[in-house]
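Encoded as structure tokens, the structure appears first; notes follow it.
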Amino acid sequence: MTSASFKPTVGPALRTVMTAAGAAGLAVALTACGSQDGSGSSDAARAADPQAGGTGGGDSTTGSGDGAAGGGTVLAKTSEIPEGGGKIFKDRGVVVTQPTAGRFKAFSSQCTHQGCAVGSVSGGAIVCPCHGSEFSVTDGAVRRGPATQPLPAQDITVSGDEITLA
Ligand code: FES
């Protein structure tokens with residue numbers, strides 16, 4: 001446990017920034033663990049956790065604050081969704097995308113061709129692994145067949161940095 005020590009070269013201003021970032025990361029970790037057990041996103045949360053503990057010095061007030069959103073099901077933090085790409089939430093049957101900065105969309109993750117679950121998001125497309133159909137991250141439209149119908153849009157609400165499935 002020697003990795004938690006500060007380097008003396010870090011100035012007070014930078015340390016303040018890092019502490020704020022660490023607290024935010026801790027909040028993400030706590031929320032992710034509470035609402036997404038077993039999903040792949042917990043890896044990212046765990047990766048951020050040691051940094052939060054090391055620089056934040058255990059800021060428990062942030063974690064116990066406003067973690068629970070009113071109504072709906074919290075899917076993710078906005079920071080989890082890559083700009084120009086997206087993230088698939090298999091167990092929720094939804095894929096959330098961020099076509100442009102700060103603009104979020106959600107679609108069914110069930111391919112409209114023969115019902116496979118879409119498998120990845122890359123190059124601005126949501127890709128089905130079964131027969132190679134591709135759908136736009138912007139509006140779910142078919143970019144490549146054999147699918148002919150767009151992915152149905154799903155209602156989400158973005159509140160602060162939290163994305164909630166309606
Ligand atoms: Fe998705 Fe065929 S089920 S491409």
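Counting starts at 1 for both ligands and their atoms, following the listed order.
Those atoms of ligand 1 with a heavy atom of Ser133 less than 4.0 angstrom away are 4 (S). Which parts of ligand 1 touch Cys116 is read off a 4.0 Å heavy-atom cut-off, strictly below it: atoms 3 (S).
Taken together through direct or relayed side-chain contacts under 4.5 Å among Ile, Leu, Val, Met, Phe, Trp and Tyr, Leu165 and Val158 form part of one hydrophobic cluster. In terms of hydrophobic clustering, with Ile, Leu, Val, Met, Phe, Trp and Tyr side chains grouped at heavy-atom distances under 4.5 Å, Val137 and Val96 are assigned to different clusters. Hydrophobic clustering (ILVMFWY, side-chain heavy atoms < 4.5 Å, transitive): Phe104 and Leu151 are in distinct clusters.
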Start with the C-alpha distance between Cys130 and Cys116, add both sets of side-chain angles, then the distance that settles disulfide (SG to SG under 2.5 Å), and finish with yes or no.
-> CA-CA 7 Å; Cys130 288; Cys116 285; 1.8 Å; yes
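The angle subtended at atom 2 (Fe) of ligand 1 by ND1 of His113 and ND1 of His131 is 100°, given to the nearest 10°.
Of all non-hydrogen atoms in Phe107 and Thr138, the two that sit nearest each other are CZ-O, 3.7 Å.
Here the heavy atom of the protein found nearest to atom 3 (S) of ligand 1 is Gln114 N, 3.2 Å.
By the criterion of a heavy-atom distance under 4.0 Å, the side chain of Cys128, and not its backbone, is placed next to ligand 1.
Backbone or side-chain N, O or S atoms of Cys111 do not reach atom 2 (Fe) of ligand 1 at under 2.8 Å.
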